[in-house]
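Reviewing the structure listed below.
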Amino acid sequence: MRLIIEPSYSDVSKWAAHYVAARINEANPTPEKPFVLGCPTGSSPLGMYRELIRLNKEGKVSFKNVVTFNMDEYCGIPRDHEQSYYTFMWTNFFNQIDILPENVNILNGNAEDPIKECERYEAKIERYGGIDLFLGGVGPDGHIAFNEPGSSLTSKTRMKTLTSDTIIANSRFFENNVDLVPKTALTVGVGTVLAAKSVLLIVNGHNKARALRHGVEGGISQMWTISALQMHPKAIIVADEAACGELKVDTYRYFLDIEKNNLDPNTQL
Ligand code: GLP
């Protein structure tokens, strides 16, 4: 696993956006062989999306031949609810880039048969030959997508119950009212993320420091699903200084040292 440490959230966002753009450009995707991108929601990726929108508008990267699969979606709120991940993605990213609407895939949290919906999603990812780059954030309890503590590390897309921690954390988007936060979601599994050819997680802020410590220094554990990335052959975490607050000084120095010549995301493979 690589850990890229950047001074601030803004640097993290820029690093991630330039990395994504460089990977897409290098793949030189076509309609027959699109680049398959896994997309997260939450506040962590917002800066990266803003930077990708800018790069797109400047003609530095195109999403015409990019197919996206979102990580997760709440159950039980309408698609046009302002906090649905569908609305989040279209408002904060897709409406502002040149992606083709038919290339956007988001789980339907209101599917009549959620099990079938999850199977359909996994099958569609497979039809595209898998995800080339899965982007993600992390919850304060270490969850990736909605793979809460205790999630199987080989899990695939399915319905999950949200923990009280996550409901409280996400209530800031629901008038700070935990009762308004959906209690279940459809989510890709840890195994779905691990099956991607590469993974990039954005981890920023003091409230993620514990999750980062468990992800980088802890053992692989279902209780901190971020730690599953240790088993991925091509995983990168890009973190800001604040998120590194609980790492050992030695760990922190080690990653700064080993990555000191790798500061340009455009040249990183
Ligand atoms: C939600 C999402 C996760 C996301 C997490 C952190 O639970 N399902 O994919 O990583 O929130 O969100 P934020 O980036 O807002 O801290």
Side-chain angles (χ1 to χ4, degrees), residues 6 8-10 12-13 16-17 37-51 68-77 81-89 91-93 105-107 109 118 121 131 133-151 155 157-176 178 180-194 196 199-212 214-215 224-229 235-240 242-243 245:
E6 290 288 320
S8 70
Y9 175 64
S10 150
V12 164
S13 303
L37 187 67
C39 291
T41 53
S43 50
S44 310
L46 278 175
M48 172 187 68
Y49 286 148
R50 276 196 293 270
E51 184 69 10
T68 61
F69 284 88
N70 257 80
M71 291 190 123
D72 42 18
E73 177 60 286
Y74 287 120
C75 294
I77 55 172
H81 188 288
E82 60 168 1
Q83 292 305 334
S84 77
Y85 287 169
Y86 178 94
T87 302
F88 176 100
M89 288 308 296
T91 310
N92 292 304
F93 193 37
N105 295 281
I106 301 178
L107 282 154
C118 294
Y121 207 66
I131 307 255
L133 171 59
F134 223 133
L135 305 172
V138 66
D141 63 1
H143 70 246
I144 48 173
F146 267 130
N147 293 287
E148 298 283 30
S151 293
S155 50
T157 306
R158 70 222 183 288
M159 187 186 269
K160 287 295 286 181
T161 304
L162 309 191
T163 61
S164 300
D165 272 3
T166 297
I167 291 170
I168 293 166
N170 291 3
S171 65
R172 69 202 142 119
F173 302 117
F174 291 85
E175 303 166 30
N176 286 316
V178 287
L180 299 180
V181 185
K183 305 294 177 286
T184 52
L186 301 187
T187 178
V188 297
V190 181
T192 317
V193 177
L194 292 183
V199 182
L200 173 67
L201 286 198
I202 292 171
V203 184
N204 64 284
H206 289 286
N207 66 329
K208 304 294 173 67
R210 204 163 153 234
L212 187 67
H214 281 277
W224 294 90
T225 53
I226 182 179
S227 66
L229 284 198
I236 301 181
I237 295 179
V238 53
D240 68 358

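Each ligand, and each atom within it, is numbered from 1 in the order the structure gives.
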Look at atom 9 (O) of ligand 1 and find which of Ala185, Gly42, Ala145, Gly137 reaches it with the closest heavy atom.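 Heavy atom nearest to atom 9 (O) of ligand 1 belongs to Ala145.
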
Shortest heavy-atom approach to atom 14 (O) of ligand 1 - which of Ser44, Gly139, Pro45: Ser44

For the side chain of Arg172 and the backbone of Ala169, is there at least one donor-acceptor N/O pair under 3.5 Å apart? yes

Thr41 backbone acceptor or donor facing Tyr49 side chain under 3.5 Å: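 Not confirmed, Tyr49 side chain does not pair with Thr41 backbone.
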
Considering non-hydrogen atoms of the protein only, which is the closest contact for [atom], and what is the distance?
atom: atom 2 (C) of ligand 1; result: Tyr85 OH, 3.7 Å
atom: atom 6 (C) of ligand 1; result: Val138 O, 3.4 Å
atom: atom 8 (N) of ligand 1; result: Asp72 OD2, 2.7 Å

What pairs with Glu51 under salt bridge (charged side-chain N to carboxylate O under 4.0 Å, His left out), at least two apart in sequence or on another chain?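 Arg54.
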
Can an N or O of Thr166 be found at a distance shorter than 3.5 Å from an N or O of ligand 1?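 No - when backbone and side-chain N and O of Thr166 are compared with those of ligand 1, no distance drops under 3.5 Å.
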
So, taking the atom named CE in Met71 and the one named SG in Cys39, what distance separates them when rounded to the nearest 0.5 Å? 9.5 Å

Could you give the distance from CG (Leu180) to CD1 (Ile167), rounded to the nearest 0.5 Å?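 Rounded to the nearest 0.5 Å, the CG-CD1 separation comes out at 11.5 Å.
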
Please state which part of Thr187 comes within less than 4.0 Å of ligand 1, counting heavy atoms only: side chain, backbone, both or neither. neither

Please confirm whether Lys160 approaches ligand 1 to less than 4.0 Å, judged on its heavy atoms. no

Check the orientation of Phe88 and Tyr85. Use parallel for under 30°, tilted for 30 to 60°, and perpendicular for over 60°. perpendicular

